[in-house]
Amino acid sequence: MRAPSFTEAELEQYRRDGFLLVENLLDAEETSLLQQAARADAVLQQAAMDVKDASGRKTNLSLWNHPGDDIYGTIARSERVVNRMEQLLGGEVYHYHSKLSAKQPRVGGAWEWHQDYGYWYKNGCLLPTMGSCFIAIDPATKENGCMQVLTGSHRMGRIDHHFEGEQTGADLERVELARLRFPLFYCEMKAGTGLFFDGNLLHRSDANLSEHPRWGLICCYNTKENDPLIPHHHPQYTPLIKLPDTALREVGVKTAAEQSQFLRQEEDHTARIIDE
């Protein structure tokens, strides 16, 4: 039975590197359920925003604030994810938002170098006690635009960010200096693998030039003590009701409901949407 927690050695690795890969965060059956739901989810796809990179390639991005009782909300509230996130962030967490990023074959766009906290702090989050879990719906490879990280770059703290086309990217002069100090790592992942990463970790991804899709579910969390001081388009502290890991099989291929609330691109008042 899977223990939904990190070892002390893994926690030390996270503190050093700013990220951890967890293979089989979802097992084969659970991964198949997520794949089936995401591919068939007309509500999710209808709510998707097209975010373009500098070359005009686009990624479909659906974003929602509160986890429902569909398969995505079940994963975001599962003990295997939430307990680990509370270990990493040092206390009670709540769901800040989730998103499904769909890079389609040959057309899926790139994402510029950025830190998630580089724009979350503009929402009144005073502390960088924030993090995310990227779950690979499809295998993520160099060819289809897997996430790239600068290992250990979270220890730099937040750096300045600026608008770049339809995305917000980190100060490129600072990024180039960071590249001299922190090793580049390609986060190639099998479907069902989870990537936990710090809100200040510098990361980016290339366009998907392959024949294979690269879809991912990203669940983002904030700590209770970091309750935002500015009302904005993501929620203030909202108690999160955890679910046992067995709930994922029980909910099955349950897609988003018609009344689900998704973020529209014009509702992002602090920064343009960026992802991984």
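Using a cutoff of 4.0 Å between basic side-chain nitrogens and carboxylate oxygens, Arg214 and Asp206 are not scored as salt-bridged. We find that Arg80 and Glu30 are joined by a salt bridge, their nearest charged nitrogen and carboxylate oxygen being less than 4.0 Å apart. Using a 4.0 Å cut-off between charged nitrogen and carboxylate oxygen, Asp160 and Arg174 do not count as a salt-bridge pair.
Residue Ser62 comes nearest to Ala47 through the heavy atom pair OG-C, 4.2 Å, listed as atom of the first residue, atom of the second, then distance. Counting all heavy atoms, side chain and backbone alike, Ser132 lies closest to Asp116 at OG-OD2, 3.6 Å. The minimum heavy-atom distance linking Leu150 with Ala178 is given by the pair CD1-CB, 3.9 Å.
Side-chain contact annotation: Thr223 with Asn226, donor-acceptor N/O pair under 3.5 Å absent. With 3.5 Å as the limit, one finds no donor-acceptor pair spanning the side chains of Lys190 and Thr31.
The aromatic ring centroids of His234 and Tyr96 lie less than 6.0 Å from each other.
When atom types are taken as modelled, the side chain of His97 and the backbone of His95 share no donor-acceptor pair closer than 3.5 angstrom. Put simply, the side chain of Asp70 gets close to the backbone of Tyr72: a donor and an acceptor are under 3.5 Å apart. At least one donor-acceptor pair under 3.5 Å links the side chain of Thr59 to the backbone N or O of Gly109. Side-chain N or O atoms of Tyr117 include one that pairs as donor or acceptor with a backbone N or O of Cys125 at under 3.5 Å. Counting only distance, with no hydrogens or angles, the side chain of Ser32 and the backbone of Glu29 share no donor-acceptor pair below 3.5 Å. Under the 3.5 Å distance criterion, the side-chain polar atoms of Gln115 are left unmatched by any main-chain donor or acceptor of His154. A donor-acceptor pair under 3.5 Å is formed between the side chain of His232 and the backbone N or O of Ile230. Gln35 places a side-chain N or O within donor-acceptor distance of the main-chain N or O of Ile137, the cut-off being under 3.5 Å. The closest donor-acceptor contact from the side chain of Asp17 to the backbone of Thr151 lies at 3.5 Å or more, if one exists at all. The main-chain N or O of Ala256 is found under 3.5 Å from a side-chain atom of Asp41 such that the two form a donor-acceptor pair.
Heavy atoms of other residues, nucleotides or ligands lying less than 6.0 angstrom from NZ of Lys224 number 12 at most. Atom CZ of Arg181 sits in a sparse spot, with 12 or fewer heavy atoms from other residues, nucleotides or ligands closer than 6.0 Å.
Between Ile135 and Leu25 the shortest side-chain heavy-atom distance falls below 4.5 Å. Within the 4.5 Å cutoff, the side chain of Gln87 has heavy atoms near those of the Ser5 side chain.
The cationic group of Arg39 lies under 6.0 Å from the six-membered ring centre of Trp215 and within 45° of the ring axis, placing it in a cation-pi geometry.
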Derivation and outcome, salt bridge (charged side-chain N to carboxylate O under 4.0 Å, His left out), residues Arg204 and Asp53: CA-CA 12 Å; Arg204 71 173 304 275; Asp53 65 13; over 6 Å; no
Lys103/Ser205 under side-chain hydrogen bond (donor to acceptor under 3.5 Å, both in side chains): CA gap, chis, key distance, verdict: CA-CA 11 Å; Lys103 286 191 180 188; Ser205 64; 2.7 Å; yes
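Shown are Tyr221, Phe6, Tyr14, Phe19; of these, the ring-ring contact (aromatic ring centres under 6.0 Å, His included) with Phe196 is made only by Phe6.
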